[in-house]
Amino acid sequence: MSSFNSDDEREPGHSMMENGNASDEDEIMEDADGDQDDDEEEEAEIEVEAEVEAEGDEEDDEGDEDEPDGDNEEETHRPARSRSATQVPPSRPLPSLRPGAATAATYDIVPYVAAPMSTSINAFCATPCMRWVFTGGSDGYIRRFDWVGSMNGKVPLTVAQKHPFVDSVTRAGILLSYWENEEPAVKSSFLHVPETTDDLKLSPVYSLAVHSQSLWLLSGLESGGINLQSVRHDEGKIITTLRKHTSAVSVLTLASDERSVLSGSWDKNVYDWDLNTGSVTRNFTGSAGQISAIQFRPHSAGILWADIVPASNQSEELDAPGSPAESTRSYGSLFGDDDMGDDIGEVSNQTITNGKPSSPLPQSLPSGPTTDQNTFLASSMDGTIRLWDRRVNSPVATGHPARGVPPWCMSAIWSTDGNFIYAGRRNACVEEYSLHKGLGQPTRNLKFPLGSGSVTAMTAMPNGRNIICASFDNLRLWDLKWEEKRGGPTTPFLIIPGHHGGVVSHLYADRTCRYLISTAGNRGWEGANTEVLLGYEIYWPNTTTATTTTA
């Protein structure tokens, strides 16, 4: 006789001898039915208990001191069975700038890592902690690299790979994964498109933007769409596609709250997207060239911001070839300086949108390593630089190349304090625009040696004195405060070793001022490139020369 070890209660008169011919399956079914009944009774008790607790708060306040029931007390300690949404974990604090980086007189930048690729690297982004970096190429693939492992030298370069680089470049970039930048099929009620992955259409990657904790990633498509993809979970899965642009999306810039993104395209338009709804909240139109750069303005202390009334007596000869007629307007000084003359007009503290006053502009900007999420610059390939306020439909200021300078701009950046704009030009120079003096004409021209080639990428260093400029021949660390003195440096720049002979698509210095990354690619425009990602470490006096990095 088989024995059963079961604690389940039986019905009166039901014995095992009477059910001796019952199978094990019947026994299991009875146990399951009993457990289900118990669960239903337990859920009913919990629901009644929750209602009693909700209605009994007032009675407790009135002084009801009944003896608590032991069973009910035990039930209150059980986890609640509810379908409520889980709380979002707090986000990690952003890395802070290393001590001494903001006061360094100069920097020593040494290359260590190389990641050769067989495609033009058109797009780049990285997490703020520099745990992962992402690249997008003309082959239609997005690649994810382990940056900490790469800088720690876990994988060495081969002898053949080290040949085109300087001696310090000995470490290889660690490729973790890659996936397709797929062009999703547009669903149509008139045309049946089968859901199959046999004939995937890949799109060259022209722009990337990643979430600070790498939960999701945005990638620009050649058709004008923007793919929102998951990264950590089900990597590369397309969650949705934002569609409004009609040509390749060349720039993606996330806001600091990561709830909106600015996109620039070859269709000459800039859109402000709400990532919660997937809709465009504002259009910034009027550019005559493909959008090449979008960057939010850094905060600076003590700077006044005011609405600018365009001057009425500006000459139309200042317009660059191919620019629209409305771009000839000059908006004067952004801050209402007295030395700009009477052309500035009256300054008000409100913006004008379609003839009606909008929200007032801030009168002061706080200090700190943050950005003004309302003000941004947008450069276009026709050489024009426009300064926008996200609350206004028309540009606040417009800058044009100086006379004799080709109407071309592939990169434009802010200075660290947000008071100057630097634009790279085709004729081996960088033009400086001062916001205090308006963007009508550049205030200074940083000229490179003849034969340097076009300046295609730039980044500002945290000391406010240096900017790094990438031309066709080399990377240069430019000293903005250089003065020719006896016994001093004879040139206003230092050569950064590593890159040589090719178009650089991006220069990126991380928030801690520890790493510099350069990517070689033409971003779909023109020019040959070396198709390699180079990683540098940044030093300055009183810093260690150790190159090891911790996660």
Side-chain angles (χ1 to χ4, degrees), residues 293 295-320 323 326-349 351 361-365 367 371-372 374-380 382-389 392 394-405 407 409 411-425 429-447 455 458 460 464-467 469 478-483 492:
Q295 188 177 13
F296 286 106
R297 178 176 184 259
H299 276 316
S300 56
I303 299 300
L304 297 179
W305 182 262
D307 180 35
I308 304 302
V309 178
S312 59
N313 58 351
Q314 288 290 330
S315 174
E316 295 183 357
E317 295 179 357
L318 297 178
D319 193 17
S323 299
E326 60 268 21
S327 66
T328 59
R329 298 177 299 175
S330 174
Y331 293 83
S333 171
L334 291 172
F335 315 104
D337 293 346
D338 295 335
D339 58 352
M340 293 302 296
D342 298 333
D343 294 340
I344 298 177
E346 298 180 357
V347 176
S348 65
N349 63 347
T351 62
L361 291 168
Q363 290 300 310
S364 62
L365 298 175
S367 60
T371 55
D372 179 8
N374 288 324
T375 310
F376 67 92
L377 67 82
S379 64
S380 55
D382 68 332
T384 306
I385 299 174
R386 285 175 172 83
L387 189 61
W388 296 89
D389 190 294
V392 184
S394 59
V396 178
T398 305
H400 305 285
R403 293 182 181 274
V405 176
C409 181
S411 176
I413 61 170
W414 290 96
S415 63
T416 306
D417 56 6
N419 293 332
F420 296 91
I421 294 176
Y422 297 92
R425 300 301 185 186
C429 74
V430 174
E431 291 186 327
E432 180 189 76
Y433 297 84
S434 172
L435 269 67
H436 292 82
K437 299 180 179 180
L439 303 186
Q441 288 292 322
T443 57
R444 185 164 50 155
N445 194 323
L446 311 179
K447 295 183 179 181
V455 179
M458 295 182 294
R465 178 172 180 170
N466 297 107
I467 62 172
C469 306
W478 195 284
D479 187 358
L480 300 175
K481 298 182 179 180
W482 174 83
E483 294 182 2

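Here the side chains of W478 and V430 are not in contact, with every heavy-atom distance at 4.5 Å or above.
A distance of 5.0 Å separates CG of D389 from OG1 of T375, quoted to the nearest 0.5 Å. In this structure, CD on E432 lies 8.0 Å from OG on S415, to the nearest 0.5 angstrom. One finds the CG atom of D382 at 9.0 Å from the NE2 atom of H400 (value rounded to the nearest 0.5 Å). To the nearest 0.5 Å, the span separating CG on L480 from OH on Y422 amounts to 4.0 Å. With rounding to the nearest 0.5 angstrom, the CG atom of N466 is 5.5 Å from the CG atom of D479.
When all heavy atoms are compared, the tightest approach of I413 to A460 is CD1-N, 3.8 Å. For the residue pair A402 and Q441, the shortest heavy atom distance occurs at CA-OE1, 3.9 Å. Summarising the geometry of Y433 relative to A423, their closest heavy-atom pair is CE1-CB, 4.3 Å, with the distance given to 0.1 Å. Across all non-hydrogen atoms, the minimal contact from C429 to V455 is O-CG2, 3.7 Å.
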Derivation and outcome, side chain to side chain contact (heavy atoms under 4.5 Å, CB included), residues I467 and L446: CA-CA 11 Å; I467 62 172; L446 311 179; 4.2 Å; yes
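In this structure a side-chain-to-backbone donor-acceptor pair under 3.5 Å is missing from S379 to S411. Judged by distance alone, with hydrogens and angles left aside, the side-chain atoms of R425 form a donor-acceptor pair with the main-chain N or O of G383 at under 3.5 Å. Side-chain N or O atoms of Q295 include one that pairs as donor or acceptor with a backbone N or O of W414 at under 3.5 Å. Here the side chain of N445 pairs no donor or acceptor atom with the backbone of E431 at under 3.5 angstrom. One N or O on the side chain of R297 and one on the backbone of G418 form a donor-acceptor pair closer than 3.5 Å.
Using a 30° and 60° split on the angle between ring planes, F376 and F296 fall in the perpendicular class, above 60°.
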